[in-house]
Trainee: 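Structure provided below as structure tokens; questions to follow.
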Amino acid sequence: MIRLFLSAPFSAKVGLVAISGYVLVALLAPWIAPYKETAIVGASYELWSDQFMLGTDNIGRDMLTRLIYGARNTIGIAFATVVLAFLIGGITGMLAAILGGWYDMLISRVVDILMAIPSLIFALLLLTIFGTSIPSLVMIIALLDSTRVFRIARSAAMNVVVMEFVEAARLRGEGMGWVIRKEVLPNITAPLLAEFGLRFCFVFLFIAALSFLGLGIQPPTADWGSMVRENATLINYNDITPLLPAAAIAGLTVAVNFVVDWMLHLSSGLRSDQP
Amino acid sequence: MSSLAKVILQRLGLGLLTLFVVSLIIAFVVELLPGDITQALLGQSATPETVAAFRAEIGLDRPAHIRYLEWLKGMLTGDMGKSLASKRDITEFVGTRLSNTLFLGGVAAAIAVPFALFLGLLAALYRNSIYDRIVNLTTLTSISFPEFFVAYILILFLSVKSGIFPGISNVSTDLAFSDKLFRTILPALTLTLVVLAHMLRMTRAAIINLLSSPYIEMAHLKGTQPFRVIVRHALPNAWGPIVNVIALNLAYLVVGVVVVEVVFVYPGLGQLLVDSVSKRDLPVVQACAMIFAAVYILLNLVADIVAIVSNPRLLHPR
């Protein structure tokens, strides 16, 4: 593990360290934040001072506190969404590869159609109907994103299903769950893991964009996307405070992308190095 | 009929079919809601009379298939129904908004496409050099930036600090072309930066893929000049992938426009869509979603067809 970390290129190391930093802040939010998440502690738009290190937001909440809690909410919700997307997409994808036949045909066509609609547009349509609450947000995005996971899981599992050891397991009379868990899944973990990173970046930016548009995570929950929206007017007064949550979003996605880039490089072997 | 024409017709048919199914989804997605859409839109406190009146107003009292056919006919003939919030004909305000959005997308594409192709080509030619590494890191970074981050950074530096460009792009139809262009520069620049990285990476990948094929190696081995290898041997085969990359990224641009329009208060279709979603103005959302989806599917179709035309091997899938 440590040797693997040391062998990573510089960008991937930076990425890994940054991700750990974000996770720590998210986990320890209540202990390191100076104030309560939604407490109004001063006048609106106060400047940076000793009392409020990054000033206050549009209704007088401490900016630094909101940033720290934002890590917890924004990352947490995006992570939950991706896990859900992988559960849905991964299981249906592997089943499609194993069962084949009409089941595979049916699900694949449904996925094709869903992927023909741009996901932001589809999400906006669904949010109009179901309203903007966190559960419906997570469900909608997980469902839309599971189509991409389905594609990857299906095509990766396809290559494994035709192997002799899977056939042997089936002939032995092992159940479907056993074949998926013990034969297919261990062999497609690497591509799925890289895909997990990519999907996380996508979902994270997607939720941030929705929140920024006022259609994602709703106030008073601290969230980076909506924080940019709430305080955007400050930019016109040459104040960079509203850019901080946006930079926090960018920082995490950059870090994850660096690590994923390295992982993809690892799994593709030396092929990409050749001219 | 030649097999090429047949395949293209097939793809066109498939595209139409997709469009049809997507229109079905957009029209019937309402029925997904457990319970009644009127309850969700009017709130729990609505009296039965208002609910009934509202159902009649949006036509929910008629059977679903008739409703769908009428909606589809309206979409095709340019009568998109009435907005719930403003009671105006949707067609009235969608037209100018759509042309604004297309204008913005067009300006962004006009800047992004030549840049991306040129830089991507260079990165592919000098792969694994310092230049290539820098390009790789910068594009990876800028892909990770949320659109609004890029937009606000541009506003901060090019509008607030230096005052070169206006930070709000309130274009209207009576503006002269040059004024309109001037006000569109910042949002277009934002979109350019967002889409440039994707396009550059894809161009690089497409060219490298091509340069690693045996016939290019053969050309090198027989002593052809590097420049000649690129122009005479690689480029004719590269047009397909390159046009494909452009079409795919234009499709991406169509959707990326939504956030950027909101940041710059640009009166385009994307902003209309977002406003309507927060007002839960379903007919407008459906109309906008249909337009966006249609453009997206169309561009993807173009990418698909170009890929087939430029690569005869795709004509005979194994």
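Letters A, B, ... are given to chains in the order of the sequence lines, protein chains preceding strands, and every chain is numbered from 1.
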Trainee: Quick check on D112(A) against chain B: is it the side chain, the backbone, both or neither that has a heavy atom closer than 4.5 Å?
Mentor: neither
Trainee: I need the full list of side-chain hydrogen bond (donor to acceptor under 3.5 Å, both in side chains) pairs touching residues 253-263 of chain B, with sequence neighbours left out, sorted by first then second residue.
Mentor: T101(B)-E261(B)
Trainee: Looking only at heavy atoms, which of residues 240-252 of chain A get nearer than 4.5 Å to chain B?
Mentor: I240(A), L243(A), A246(A), A247(A), I249(A), A250(A)
Trainee: With respect to chain B, which residue among G214(A), A208(A), S119(A) yields the maximal number of heavy-atom pairs within a distance under 4.5 Å?
Mentor: A208(A)
Trainee: So which of V263(B), L156(B), N136(B) has the largest heavy-atom pair count under 4.5 angstrom toward chain A?
Mentor: L156(B)
Trainee: Residues in salt bridge (charged side-chain N to carboxylate O under 4.0 Å, His left out) with D239(A), at least two apart?
Mentor: none
Trainee: Where does F122(A) contact chain B at under 4.5 Å (heavy atoms): side chain, backbone, both or neither?
Mentor: side chain
Trainee: Of the backbone (N, CA, C, O) and the side chain (C-beta and beyond), which part of F148(B) lies under 4.5 Å from a heavy atom of chain A, both, or neither?
Mentor: side chain
Trainee: With only heavy atoms counted, which part of F145(B) is less than 4.5 Å from chain A, the side chain, the backbone, both or neither?
Mentor: both
Trainee: Please look at L215(A) and chain B and tell me whether the side chain, the backbone, both or neither of the residue comes under 4.5 angstrom of a heavy atom of that chain.
Mentor: side chain
Trainee: Out of I297(B), L140(B), V259(B), return the one with the most heavy atom pairs under 4.5 angstrom to chain A.
Mentor: L140(B)
Trainee: Is it the side chain or the backbone of V262(B) that comes within 4.5 Å of chain A heavy atoms, both, or neither?
Mentor: side chain
Trainee: Under a 4.5 Å heavy-atom cut-off, does chain A meet the side chain of L273(B), its backbone, both or neither?
Mentor: side chain
Trainee: Heavy-atom distances under 4.5 Å only: say whether L205(A) touches chain B with side chain, backbone, both or neither.
Mentor: side chain
Trainee: Hey, could you give me each pair passing salt bridge (charged side-chain N to carboxylate O under 4.0 Å, His left out) that has a residue in residues 127-145 of chain A? Not counting sequence neighbours.
Mentor: D145(A)-R199(A)
